[in-house]
Amino acid sequence: MNAPFTLRPYQQEAVDATLNHFRKSDESAVIVLPTGAGKSLVIAELARLARRKILVLTHVKELVEQNHAKYQSYGLSGGIFAAGLKRKENHHQVTFASVQSVAANLDQFRDEYSLVIIDECHRVSVEETSQYQRIIELLRQQNDSLKVLGLTATPYRLAMGWIYRYHYRGFVRGSDDEQDKPFRHCIYELPLSYMINRGYLTRPELVNAAVAQYDFSALTQDRFGEYAEKDVNQLLSKHQRVTRAIIEQVMEMAAERQGVMIFAATVQHAQEIAGYLPEQETALVTGATDLRDRDQLIQRFKQRQLKYLVNVSVLTTGFDAPHVDLIAILRPTQSVSLYQQIVGRGLRLGEGKRDCLVIDYAGNHVNLHHPEVGEPKPNLDSEPVQVFCPGCGFANIFWGKTDSDGRVVEHYGRRCQGLLESIEDDAGRPQQCDYRFRFKECPHCGCENDIAARNCGHCHQAIIDPDDQLRDALKLKDAVVIRCAGISLAGEGQKLRMTYHGEDGEELRESFDFSKPAQRAVFNKLFGRRFANGQAPKVFARANEVLEMEVLLPAPDFVIARKQKHYWQVQERIFDYRGQYRKAY
C-alpha cells in the first residue's frame with residue numbers, strides 16, 4: 001500500500017527504527033524528535049502500517065485533535081476518545097485518545113491492542129497507580145506482547161531524570177540507583193541543530209538582554225535544581241523596576257514582530273508582567289486558568305487578535321503557533337530539555353518569518369545546542385564536557401570546566417555511560433562499562449562502588465559511611481579531622497612527602513617511600529587511580545614522576561589522623577564527599 005503522504009528522510013528513519021526494534025523485541029521504546037519535527041506524521045505512518053488495533057494516547061485534547069486531524073487528512077479513518085472533545089469512539093482500528101478519558105473508562109478498552117503510542121511521553125510515570133501505567137497494564141492483560149512506543153522532544157525531566165535506560169548509540173542513561181525508567185530503549189534521536197541547519201525549523205537569534213537581568217543564583221535549589229515558588233516571588237517582589245524595564249524592552253523589540261510568548265517564573269510574576277503590557281493585546285494563561293477561557297485566549301492569539309501571550313509552565317508542550325517570532329524567558333531553569341522546549345515554541349516555520357528572537361532575562365546560561373547532561377548543574381560556570389573512558393574509550397558527556405584552550409580541567413562524572421557490546425546481561429542486552437571516575441572502595445573486597453553506595457555491589461557487605469567515620473573521629477580526643485583545601489608535595493630520592501592543607505590553616509603530613517612496593521601500591525591506589533579526575537589513571541613508579549605531575553593529583557575532601565606520641569599519623573582520606581559535613585563545622 002502506497003503512503004498518501006511523503007515523509008521527510010528523518011521521519012522515515014524514525015519509522016524504520018520502530019519497525020526494526022519491535023520485530024525483535026517487546027521492550028518499550030522512545031523516539032526523540034525536536035519540537036516542530038512532525039511527530040504526528042510519524043504517528044500517522046506507524047498507524048497506517050499497522051494491521052491490528054492501535055491506541056494513540058496524549059495528555060491534552062489539543063494534541064488528540066491535532067494527531068487525529070493529521071491522520072484523517074491522508075484519507076485514513078480513525079476514532080477519537082476524549083471527553084474534552086465530546087467524542088468517545090473506540091471501535092476503529094486506530095483510536096486517538098486522552099489518557100484521562102481512557103483511564104476513566106478502562107472497561108471500554110478490553111480489546112486486544114498491538115501497539116500503544118504515547119505522544120509527549122516524558123509525562124509518563126513509573127508509578128503503577130498512574131493513569132498511563134494502569135492503561136498499559138490492562139492492555140497487557142489482553143496481549144502480553146503489547147508494544148509501547150513513546151515520542152517526545154524532551155526525554156529528560158529534572159524531577160525524574162532520563163525516561164529511558166538504553167540508547168541505540170551504545171550508552172546508558174542515569175546512575176546506578178536509577179534503574180526504574182518508564183521506557184527501556186531510545187531507538188531514534190534527532191538533535192535540534194539538525195532541524196535548524198537543514199531549514200526544517202526557523203533559526204533562533206539569541207539576543208543578549210540589554211537591560212538588567214534577574215539574579216536567581218542566591219536562591220537555594222532543591223535536588224532537582226529548581227527553586228521554591230515562595231523564594232522566587234520574594235526575590236522578584238524586590239525587583240519590580242527590573243521587571244518593568246524588561247517588559248519595556250520586550251515591547252520595543254516586538255514592534256516589528258508578529259507574536260510574542262513570555263515565560264514567567266510564577267503566577268504572581270506572570271500577573272505583574274501582564275500588568276505592564278497593553279491590555280487589549282495581551283493574554284495571561286496559567287495552570288489555574290479556566291479551560292474554556294484558556295482555549296479562547298489561545299485561539300485569539302493564534303488568530304493574531306492578541307500579540308502577547310504570558311504563561312507559567314503550561315505552554316511548553318503541545319502548543320502550535322507558527323507565527324511566534326519572539327520568545328522572552330523570565331524564568332530560571334537548569335534543564336536543557338525544558339529550555340529547548342521553551343525556545344521551540346518559536347521555531348516552527350511561518351509565512352514571512354525570517355527568524356525568532358530569543359531573549360533570556362533569567363541568566364540561565366544554557367546553550368541551546370548543548371546536549372542534556374542528566375544532572376542538575378553543579379555550579380554556574382559548569383558546561384557540558386566530553387570525557388573519554390580509560391576503560392572502554394566511550395565519549396561521555398558530563399558537567400565540567402575547561403581552560404582557555406578548551407581542555408577539561410575538572411568534571412563531575414561518576415561512572416562511564418558506555419555499553420559493552422561484547423558483554424551481555426541476563427536479558428541479552430549489552431552491559432554497562434563498570435569504569436568509575438569517582439568511587440568508594442569496599443573495605444571487604446576492594447571493589448569500586450558508586451560514591452553514594454551503602455552496600456558493595458560485588459560482595460554486598462556494608463560500606464563504611466563517611467559521615468560515620470567523620471562523626472566518630474570528631475568525638476575522639478586523640479584524633480584530628482581537617483577539611484582539605486589542597487595538597488603540596490616535596491621529594492627526596494624515592495621518598496615523597498605529602499602535605500594536606502586545611503581550610504583553617506592546619507596541616508597534616510605523610511610520606512610514601514617509592515622504593516618499597518607496598519607503599520608505592522598504596523599511593524597508586526589512592527592517588528594514581530584518581531589522577532586527572534580519573535580520566536587518565538596512572539601507575540607511578542618513582543617519586544619524581546609524581547612531582548612532575550603534581551597539579552593533576554586529586555586532593556581529598558577530608559583527612560583524618562590519630563595521635564602517635566610525637567606526631568599525627570594520617571589514617572583516612574575521604575574523596576568525593578557528599579554528606580552533611582561538607583560545610584565547615
Side-chain angles (χ1 to χ4, degrees), residues 4 38-44 46-48 50 52-125 129-139 142 148-152 283-306 309 311 313-322 345:
K39 292 195 293 293
S40 57
L41 204 57
V42 174
I43 292 170
L46 289 168
R48 184 187 73 84
R52 294 158 66 192
K53 292 195 83 169
I54 286 182
L55 183 61
V56 181
L57 293 173
T58 192
H59 67 294
V60 290
K61 65 179 183 180
E62 291 85 358
L63 279 175
V64 174
E65 200 168 30
Q66 182 179 306
N67 289 335
H68 176 261
K70 185 71 71 175
Y71 185 69
Q72 295 272 96
S73 69
Y74 300 121
L76 304 169
S77 178
I80 285 181
F81 198 97
L85 298 173
K86 296 182 171 56
R87 292 173 66 175
K88 290 193 174 180
E89 306 150 2
N90 63 350
H91 57 277
H92 291 76
Q93 181 200 350
V94 181
T95 301
F96 295 83
S98 73
V99 62
Q100 299 89 343
S101 295
V102 175
N105 297 274
L106 287 175
D107 57 315
Q108 297 187 43
F109 288 85
R110 295 194 175 277
D111 294 336
E112 184 176 312
Y113 286 82
S114 63
L115 173 66
V116 175
I117 299 176
I118 303 173
D119 197 5
E120 304 294 352
C121 68
H122 55 275
R123 303 182 68 87
V124 177
S125 164
T129 55
S130 71
Q131 292 178 325
Y132 283 109
Q133 296 298 351
R134 283 166 48 217
I135 294 168
I136 292 169
E137 177 58 30
L138 173 76
L139 298 184
Q142 324 303 323
V148 180
L149 175 72
L151 292 97
T152 182
L284 169 60
V285 177
T286 74
T289 305
D290 178 80
L291 290 179
R292 190 175 297 175
D293 292 343
R294 174 173 148 175
D295 290 348
Q296 190 177 45
L297 290 171
I298 289 174
Q299 282 307 312
R300 290 184 64 201
F301 178 74
K302 288 182 175 181
Q303 292 164 9
R304 308 192 194 191
Q305 296 170 14
L306 300 170
L309 185 55
N311 88 104
S313 302
V314 292
L315 298 178
T316 52
T317 62
F319 176 81
D320 184 4
R345 298 304 108 203

Could you walk me through whether Leu138 and Gln142 pass the side-chain contact (heavy atoms from CB on, under 4.5 Å) test, one step at a time?
-> CA-CA 7 Å; Leu138 173 76; Gln142 324 303 323; 3.9 Å; yes

For the student: nearest non-hydrogen atoms of Val148 and Leu115, plus distance | N-CD1, 4.5 Å

Which atoms form the tightest heavy-atom contact between Lys88 and Ala83, and what is the distance?
-> CE-CB, 4.4 Å

Trace of the side-chain contact (heavy atoms from CB on, under 4.5 Å) decision for Gln72 with Ser77 = CA-CA 6 Å; Gln72 295 272 96; Ser77 178; 4.2 Å; yes

Whether over 12 other heavy atoms sit under 6.0 Å from Lys70 NZ | no

Would you please test Glu120 and Lys39 for side-chain contact (heavy atoms from CB on, under 4.5 Å) and show each step?
-> CA-CA 10 Å; Glu120 304 294 352; Lys39 292 195 293 293; 4.1 Å; yes

How close do Ile54 and Ser114 get, heavy atom to heavy atom, and via which atoms?
-> CG1-OG, 4.4 Å

Gln93 side chain to Ala50 backbone, donor-acceptor under 3.5 Å = yes

State the CG-CG distance between Leu139 and Leu106, to the nearest 0.5 angstrom.
-> 8.5 Å

Thr289 vs Leu284 side-chain heavy atoms within contact, under 4.5 Å | no

Under 4.5 Å between any side-chain heavy atoms of Lys61 and Leu291, yes or no?
-> no

Please say which of Asn67, Thr58, Thr152 ends up in a side chain to side chain donor-acceptor pair (under 3.5 Å) with Asp119.
-> Asn67

Asn311 CG to Arg345 CZ distance, which is reported to the nearest 0.5 Å | 10.0 Å

Nearest-0.5 Å distance, CG of residue Leu41 to CZ of residue Arg48 = 10.5 Å

Tell me, do Lys53 and Phe109 make a side-chain contact under 4.5 Å, heavy atoms counted?
-> no

Given side chains that start at C-beta, do those of Leu63 and Gln66 come closer than 4.5 Å, heavy atoms only?
-> yes

Leu76 side chain reached by Val94 side chain, heavy atoms, under 4.5 Å = no

Measuring from Leu306:CG to Gln296:CD, what's the distance to the nearest 0.5 Å?
-> 9.5 Å

Anything under 30° is parallel, anything over 60° is perpendicular, the rest tilted; go ahead and classify Tyr71 against Phe96.
-> tilted

Can you name the closest pair of heavy atoms from Tyr132 and Ile118 and give their distance?
-> CE2-CG2, 3.5 Å

Is the side chain of His68 donor-acceptor paired with the backbone N or O of Gly78 at a distance under 3.5 Å, no angle test?
-> yes

Under 4.5 Å between any side-chain heavy atoms of Gln108 and Val102, yes or no?
-> no

So CZ of Arg123 and CG of Leu57: to nearest 0.5 Å the spacing works out to 13.0 Å

Side-chain touch Leu55/Ile135, heavy atoms, less than 4.5 angstrom = yes

Taking every non-hydrogen atom, the tightest pair across Phe81 and Ser101 = CE2-O, 3.6 Å

Taking all non-hydrogen atoms of both residues, which atom of Ser130 and which atom of Ser125 are closest, and how far apart?
-> OG-O, 3.9 Å

Got Arg294 and Ile298 here, is their nearest side-chain heavy-atom distance under 4.5 Å?
-> yes

Evaluate whether atom CD of Glu89 has more than 12 neighbouring non-hydrogen atoms of other residues, nucleotides or ligands under 6.0 angstrom away.
-> yes

From OG (Ser98) to CD (Glu62), nearest 0.5 Å = 11.0 Å

